[in-house]
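Scroll down for the structure; my scribbles are underneath it.
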Number of protein chains: 2
Amino acid sequence: MKERLERIKEQLHTSGYKLTPQREATVHVLLENEEDHLSAEDVYLLVKVKSPEIGLATVYRTLELLSELKVIHKINFGDGVARFEFRAENAEHHHHHLICIQCGTVDEIEEDLLEEVEQVVEQDFNFKIVDHRLTFHGTCHRCQS
Amino acid sequence: MKERLERIKEQLHTSGYKLTPQREATVHVLLENEEDHLSAEDVYLLVKVKSPEIGLATVYRTLELLSELKVIHKINFGDGVARFEFRAENAEHHHHHLICIQCGTVDEIEEDLLEEVEQVVEQDFNFKIVDHRLTFHGTCHRCQS
DNA sequence: CTGTGTGCAAAGGGTTTGCAGGTCT
DNA sequence: AGACCTGCAAACCCTTTGCACACAG
């Protein structure tokens, strides 16, 4: 946890930005809720608990900044709000999501699973793949009863 | 083309709706630009060419209606606007998209490609899949030079 | 006459931006 | 002083909604 914060601080400094108290509080919330796919508003409300003076705009600006630095990833599940998650440090692509249509929970699949499919696409369509998004919609193991 | 319009007219009637001139004009535009993934605004502007009196709200309402009837599919590529495409008549899932990061063109892949992957997910995660979304981001064959 | 459908304008929700301070060097 | 950063409010964009009117059954 601490090391990751330090790492992010360095990334900011390298690009000429500071780790202000507001930014630190925002990163802290993201780290504490890493598996939750928070929206900007979610992050804002959570940051406010410990830093009530923070403004929504600052949270948006911080999230945008972290996205630019590729620290986090902005994802969109089609419900009208952007959500954010940490980027895997080394992963070429990010992981996949399982969205439960009953309870709304978003689980993750770490495996890639798509290597064969990507080969087919690159060959058959002459399309140079940079990234992919794969989402499954269905019923999660918790809601099957 | 004509038959498809008739078909849609019947689907509307079955559900208690009428094929008004505005709805017909909207469907017409969708049919004429089937491979273009139009946004609501795009549809509106195109409909306006032949039916200048139409209102944007009507287009939105028509698109929502057609989505409910499962005639079209609302898709979201993460750029902040909803886009629409016809549903494959028999396909269990819809197809996949190749989005070019240079020219922005969206091509389609008709094949499923994911049957094996789905089996893995259903078994390993005990997740009952209803639908999936797969998008590749990269460089299309036209932009590779 | 009742219900559905329409156009317009207003409201709505999420996100971005302009601006006047504020902070750190 | 200068550059960066912040909070607030206003602006923005896409989409939805309220309302009065139009039209068909």
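Throughout, a chain's letter reflects where its sequence line sits, starting with A, and its residues are numbered from 1.
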Quiz item: Looking at residues at least two apart in the chain, or sitting in another chain, which of them share a side-chain hydrogen bond (donor to acceptor under 3.5 Å, both in side chains) with B:Glu34?
Solution: B:Arg4
Practice problem: Not counting sequence neighbours, which residues clear side-chain hydrogen bond (donor to acceptor under 3.5 Å, both in side chains) with B:Asp107? List them please. | Solution: B:Arg142
Going by the rule side chain to side chain contact (heavy atoms under 4.5 Å, CB included), which residues pair with [X] if we only count those two or more places apart in sequence or in a different chain?
{"X": "A:Glu115", "answer": "A:Asp112"}
{"X": "B:Ser15", "answer": "B:Tyr17, B:Leu69"}
{"X": "A:Glu10", "answer": "none"}

Any idea which heavy atoms bring [X] and [Y] closest together, and the distance?
{"X": "A:Glu85", "Y": "A:Glu108", "value": "OE1-OE2, 3.5 Å"}
{"X": "B:His37", "Y": "B:His97", "value": "NE2-NE2, 3.2 Å"}
{"X": "B:Ile109", "Y": "A:Phe125", "value": "CG2-CZ, 3.6 Å"}
{"X": "B:His96", "Y": "B:Leu113", "value": "CD2-CD1, 4.4 Å"}

Quiz: residues 46-65 of chain A side-chain donor-acceptor pairs under 3.5 angstrom, not counting sequence neighbours:
{"unit_1": "A:Lys48", "atom_1": "NZ", "unit_2": "A:Tyr44", "atom_2": "OH", "d": "3.1"}
{"unit_1": "A:Thr62", "atom_1": "OG1", "unit_2": "A:Thr58", "atom_2": "O", "d": "2.8"}

Side-chain donor/acceptor pairs under 3.5 Å, residues 134-141 of chain B, sequence neighbours excluded:
none

Practice problem: Provide the full list of side-chain hydrogen bond (donor to acceptor under 3.5 Å, both in side chains) pairs with a residue in residues 74-84 of chain B, sequence neighbours left out, each pair given once. | Solution: B:Asp79-B:Arg83
Practice problem: For DNA chain D, determine which residues of residues 41-72 of chain A have any heavy atom closer than 4.0 angstrom to one of its atoms, and list them numerically. | Solution: A:Glu53, A:Ile54, A:Gly55, A:Ala57, A:Thr58, A:Arg61
Quiz item: Do any of residues 18-34 of chain A sit with a heavy atom less than 4.0 Å from DNA chain D, and if so which?
Solution: A:Lys18, A:Thr20, A:Gln22, A:Arg23
Exercise. Extract, from 5' to 3' on DNA chain D, the first and final nucleotides lying under 4.0 angstrom from some heavy atom of chain B.
Key: D:dC14 to D:dG18
Self-check item: Bounds of contact between DNA chain C and chain B, in 5' to 3' order, using a heavy-atom cut-off under 4.0 Å
Solution: C:dG5 to C:dC8
